[in-house]
Engineer: 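One structure is given below, represented as C-alpha cells, and several questions about it will come after.
Each chain gets a letter, A, B and so on, in the order the sequences are listed, and its residues count up from 1. This one's a predicted model, so the numbers in the text were calculated from it and none came from an experiment.
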Amino acid sequence: MRRQVLVSLGVVALVALVASWVPVAAQGQAGATTPNAKSGGTGGTANAKFVWDPTAPAPADWTPPRTPWGDPDVQGYYLNTSYTPLERPANLAGKAMYTVEEAIAAFKVQVAQDAEVDPTTVHYDWKEYGMEAWQSPIRPNRRTALVTDPPDGRIPPITEEARKRQAARQAAEQAKGADVQSPGMYTRCITGNGGPPRIQGGVTVESQIFQSPGYAVISIMSGDTRVIPLDGRAHLPSNIKTYLGDARGHFEGNTLVVETTNFNDERNWRGSGSGMHLTERFTMANANTLKYEFTVNDPTTWTKPWSAEAPVPKIEPPLYEFACHEMNYGVINWTKGSQIREKEGIGPNGRADVFREEAEK
Amino acid sequence: MRIRLRGVVIMVAAVAAVTVCVTAVSMSAGQAPAAGAQPYRAPRATDGHPDLNGIWQAFVTADWDVQAHPSNPGPHPETMGVYGAQPGGMSIVEGGELPYRPEALAKKKANFDKRMISSVTNDPTRFDTGDPEIECFRSGVPRSNYMPFPFQIFQNASQIQIVYEYKGQIRTIYMNPHLEAANESWMGWANGRWDGDTLVVENTDFNDKTWFDRAGNYHSDALKVTERYTPISPYHLQYEATIDDPKVFTRPWKMSFPLYRRIEPNIQLIEFNCVPFVEELVYGPLGLYKKQPK
C-alpha cells in the first residue's frame with residue numbers, strides 16, 4: 001500500500017488536503033492575529049504578516065487556549081512540513097535570520113527548486129497536492145535553517161563510536177545484499193516518518209495532537225501513535241526498547257514538554273543509538289500555529305546535543321487511515337528492483353538509492 | 001440490657017453485611033444486576049458524560065473463534081507445543097449461531113482452510129491472503145476489541161480516540177461534530193453519541209478485508225457495526241456490537257462481552273509493532289527475505 005497511497009491518495013489527498021489547505025490559507029489571510037503581523041520593523045510588504053518570525057511576541061489580543069479540565073490546549077491537526085532546510089546552507093554561514101523580505105525571496109526560490117524534480121523518480125512530496133505553494137499553510141520562515149543550536153545551524157559532527165557503528169551496519173548490509181530489510185523504516189511501513197522527533201518535510205506529514213485528562217496522544221495517518229502520560233510516572237524499564245520510544249509529558253507554562261527515551265537500535269534515526277534522549281516542546285504561538293522545538297541528546301552519536309525549531313501550521317480535520325503495511329507492494333517492487341540492479345552490478349542498491357533518499361529525507 | 005442490645009445491633013449489622021456480600025458475589029457471578037437494583041452510575045467526565053478513560057481489555061477467546069469452540073493443539077504443535085495451542089471458549093454471539101447466507105458459509109469455511117496462507121503480491125488489485133491478523137494487518141471492528149491485547153480510551157467532548165496496543169492502531173470516534181468518511185478503510189469510520197450512560201458508535205465505510213476471528217468468520221464492504229459501551233462498575237464496561245451486513249448475513253446479529261479495566265498502577269500500552277515480526281512470513285515466499293545471522 002505504500003506506493004498506492006501516492007497514486008490513489010490522488011482521491012483522498014486532493015479532496016482532503018487541497019480542500020483543507022485552502023480554507024486554512026484563507027483564514028490566515030483574514031486573520032490579523034499571527035505574531036508576524038505584530039513583528040513589523042523589518043518589512044513593509046503586504047506579505048510580511050505571513051512570514052514566521054520566531055522573535056515576535058504572541059499576539060496581544062490572543063489568549064492561549066486551555067482544555068475544559070485546565071491544561072494548556074495544544075490540540076489540533078497539523079501539517080509538519082517546511083521549505084526551510086534542516087541545516088543552514090554554507091552560503092548563509094553566520095546568518096541565522098533573514099529579514100522579512102529575504103525570507104519571502106528565499107521562499108520563492110525554495111518553491112521553485114522544489115518543483116524541479118527528476119521525472120524518472122518517484123517524487124514523494126506533499127507539495128504536489130497543492131497547485132500553488134501559497135495555497136498551503138506553510139509560510140516563509142525568518143530562520144535560515146531549522147537547527148537552532150549549535151548556533152551555526154549545523155548538526156554537530158558524529159562521534160567515532162557512531163562512525164564505527166554506521167560502518168558496521170553498512171558492511172553487514174553489503175554482505176547480506178538487498179532484501180526487504182534493506183530499505184528504511186518508512187518504505188518497510190514500520191514507522192511513518194522515521195521519527196520521533198518530527199523533522200519537517202519528507203513524508204506522512206499530517207498529524208493530530210489529542211488531549212484527554214492526564215494524557216496527550218500524537219498520531220499520524222499511518223498509525224505511529226504516541227501515547228504520552230502526563231502524570232509524572234517513571235519511564236519503562238531500560239530493557240523495553242521501541243521504535244517510537246517511551247514518552248512522558250508535563251506542562252511548563254503553556255508548553256507541553258515531552259521527554260522520550262527507550263528507543264531501539266533498529267530504527268537508526270539519523271544514525272542515533274538506543275541511548276538517545278529526546279526533549280520536545282509544543283507551544284501554541286498563535287491560533288493557527290504550533291511552535292515545535294526539540295533537542296536531541298545522544299553522546300554515543302553526536303559530539304554535543306542539538307536542537308531545532310519549526311512553526312507547524314494547523315490544517316482542517318480529519319486524518320484518514322493510511323494502511324501502509326497492508327499489501328505493501330511498494331517494498332516488494334523496491335526489493336525486486338534492487339536485487340535486479342545488484343545482479344546487473346549497478347551498485348548494491350542501484351536506482352533504488354534515489355528512491356530511498358526521496359522517501360526518507 | 002444495654003450490652004445485650006448492642007449485641008443484637010451487632011448481629012443485625014453482621015447479617016446485613018453478609019447479605020450485601022452475598023448479593024455482590026452473586027451479582028458479579030451472574031453478570032447483570034438483579035431487576036429493580038439501582039443501575040450503576042459512572043463517574044463523569046468534564047462534559048458531564050460517563051468517563052470511559054482508561055485501559056481496557058476483553059478476556060474472551062473470541063479472537064480464535066467468536067462462536068463456541070473446544071481447545072485444540074493449534075496449527076503448529078510440532079514446533080510450538082502448548083505455546084501455539086488454542087484454548088476453548090464459549091460463544092460471544094447472541095444465540096450462538098451466525099446467520100450466514102449459504103454461499104457465504106462456504107466462503108467462511110474456505111477462509112479457515114487458508115487462514116495461515118500469506119500471499120501478498122505486488123499486484124494491488126489482488127487480495128487473496130489468509131487471516132489479516134497473521135500478517136500484522138489492521139484488525140478491524142469489532143475484532144480489535146477482543147484480541148488478546150489491551151486498548152486505551154481517550155475521551156474529550158469532541159472526540160473519543162481508541163488506541164490499541166496491537167499495532168498501535170487507532171480509531172477516532174467523532175462525537176461533536178460528526179464527520180464523513182472519504183473512502184473505505186480497514187478500521188472504518190466512527191461517529192458516536194451518548195444514549196443515557198451508553199456510548200453508541202456507528203461504524204461504517206469498511207473495506208472487505210478484515211475478519212472477525214481466526215476461524216475465518218468474515219464480512220463484506222457492506223458491513224455496519226453499531227457498538228454500545230455501557231459502564232456497569234468502576235472496573236467494567238459492558239460491550240455490545242450489532243453486525244449488519246446483508247451481503248453476508250441473512251439478518252443483523254449481536255455479540256457481547258465485558259471489558260475489564262486494567263488496574264495495575266504501572267499499566268501502559270507497550271509498543272507492539274508487528275511489521276518486522278512478519279517480514280519473513282510475508283516476503284520470504286517471494287524470495288525477498290534473507291535471514292540475518294544471529
Engineer: If every non-hydrogen atom of Gln208(A) is compared with every non-hydrogen atom of Gln159(B), which pair is closest and at what distance?
Structural biologist: NE2-OE1, 2.9 Å

Engineer: At their closest point, which heavy atom of Asn273(B) faces which heavy atom of Tyr243(A), and how far apart are they?
Structural biologist: ND2-CD1, 3.9 Å

Engineer: For residues Trp186(B) and Glu321(A), report the shortest heavy-atom separation together with the two atoms involved.
Structural biologist: N-OE2, 2.7 Å

Engineer: Does atom CD of Glu180(B) have more than 12 heavy-atom neighbours, drawn from other residues, nucleotides or ligands, at distances under 6.0 Å?
Structural biologist: no

Engineer: With heavy-atom distances below 4.5 Å as the criterion, would you say the side chains of Asp47(B) and Pro68(A) are in contact?
Structural biologist: no

Engineer: Are Trp189(B) and Tyr320(A) close enough that their ring centres sit under 6.0 Å apart?
Structural biologist: yes

Engineer: Checking Asn122(B) against Lys336(A) for the side chain to side chain contact (heavy atoms under 4.5 Å, CB included) test, could you report, in this order, the C-alpha distance in whole Å, the side-chain angles of both residues, the deciding distance, and whether it holds?
Structural biologist: CA-CA 10 Å; Asn122(B) 61 349; Lys336(A) 282 185 171 171; 4.1 Å; yes

Engineer: Test side chain to side chain contact (heavy atoms under 4.5 Å, CB included) on Gln268(B) and Leu236(A) and set out the steps.
Structural biologist: CA-CA 9 Å; Gln268(B) 76 171 80; Leu236(A) 286 174; 3.5 Å; yes

Engineer: If every non-hydrogen atom of Tyr329(A) is compared with every non-hydrogen atom of Thr121(B), which pair is closest and at what distance?
Structural biologist: CB-O, 3.5 Å

Engineer: Quick check against the 3.5 Å criterion: does Lys290(B) have a side-chain atom that pairs as donor or acceptor with the backbone of Lys176(A)?
Structural biologist: yes

Engineer: Let me know if Arg126(B) has heavy atoms under 4.5 Å from chain A in its side chain, its backbone, both or neither.
Structural biologist: backbone

Engineer: Salt bridge or not between Glu326(A) and Arg138(B)? Use side-chain N to carboxylate O under 4.0 Å.
Structural biologist: yes

Engineer: Could you look at Cys136(B) and say if it's the side chain, the backbone, both or neither that has a heavy atom under 4.5 Å from chain A?
Structural biologist: both

Engineer: Is there a side-chain contact between Phe154(B) and Gln211(A) (heavy atoms, below 4.5 Å)?
Structural biologist: no

Engineer: Between Gln339(A) and Gly287(B), which heavy-atom pair has the shortest distance, and what is it?
Structural biologist: NE2-O, 3.6 Å

Engineer: Is it the side chain or the backbone of Ser219(A) that comes within 4.5 Å of chain B heavy atoms, both, or neither?
Structural biologist: side chain

Engineer: Top residue by heavy-atom pair count (under 4.5 Å) with chain A, among Ser185(B), Ala181(B), Ser158(B), Pro132(B)?
Structural biologist: Ser185(B)

Engineer: Can you tell me if NZ on Lys224(B) sees more than 12 non-hydrogen neighbours from other groups inside 6.0 Å?
Structural biologist: no

Engineer: Quick check on the structure: residues of residues 276-283 of chain B within a heavy-atom distance below 4.5 Å of chain A, by number.
Structural biologist: Pro276(B), Val278(B), Glu279(B), Tyr283(B)

Engineer: Report the option among Ala172(A), Pro229(A), Ala175(A), Gly177(A) that has the most heavy-atom pairs separated by less than 4.5 Å from atoms of chain B.
Structural biologist: Gly177(A)

Engineer: Side chain, backbone, both or neither: which part of Ile270(B) has a non-hydrogen atom closer than 4.5 Å to chain A?
Structural biologist: side chain

Engineer: Determine whether Lys167(B) and His325(A) satisfy the following criterion, side chain to side chain contact (heavy atoms under 4.5 Å, CB included), listing intermediate values before the conclusion.
Structural biologist: CA-CA 11 Å; Lys167(B) 240 179 121 57; His325(A) 164 68; 4.1 Å; yes

Engineer: To the nearest 0.5 angstrom, please state how far the CD atom of Glu271(B) sits from the CG atom of Asp224(A).
Structural biologist: 8.5 Å

Engineer: If you compare all heavy atoms of Val275(B) against all heavy atoms of Cys189(A), which two are closest, and at what distance to 0.1 Å?
Structural biologist: CG2-O, 3.5 Å

Engineer: Counting only heavy atoms closer than 4.5 Å, note whether Val227(A) contacts chain B via side chain, backbone, both or neither.
Structural biologist: side chain

Engineer: I need the residue from Tyr174(B), Phe127(B), Phe137(B) with the largest number of non-hydrogen atom pairs under 4.5 Å to chain A.
Structural biologist: Phe137(B)

Engineer: Between Gln161(B), Met187(B), Gln155(B), who has the most heavy-atom pairs with chain A when the cutoff is under 4.5 Å?
Structural biologist: Gln161(B)

Engineer: If we define contacts as heavy-atom pairs under 4.5 Å, which of Leu288(B), Asp123(B), Asn156(B) has the most with chain A?
Structural biologist: Leu288(B)

Engineer: With a 4.5 angstrom heavy-atom cut-off, is it the side chain or the backbone of Val120(B) that approaches chain A, or both, or neither?
Structural biologist: both

Engineer: With a 6.0 Å cut-off (strictly less than), is the heavy-atom count around OH of Tyr235(B), excluding the residue itself, greater than 12?
Structural biologist: no

Engineer: Just by distance, do the side chain of Thr46(B) and the backbone of Trp69(A) share a donor-acceptor pair under 3.5 Å?
Structural biologist: no

Engineer: Can you say whether Asp246(A) sits under 4.5 Å from chain B via the side chain, the backbone, both, or neither, judging by heavy atoms?
Structural biologist: side chain

Engineer: Measure distances from Glu184(B) to the heavy atoms of chain A and classify the residue's part below 4.5 Å as side chain, backbone, both or neither.
Structural biologist: neither

Engineer: Non-hydrogen atoms of chain B under 4.5 Å away: do they reach the side chain of Gln75(A), the backbone, both or neither?
Structural biologist: side chain

Engineer: Taking side chain as everything from C-beta outward and backbone as N, CA, C, O, which of these in Leu244(A) sits under 4.5 Å from a heavy atom of chain B? Side chain, backbone, both or neither.
Structural biologist: both

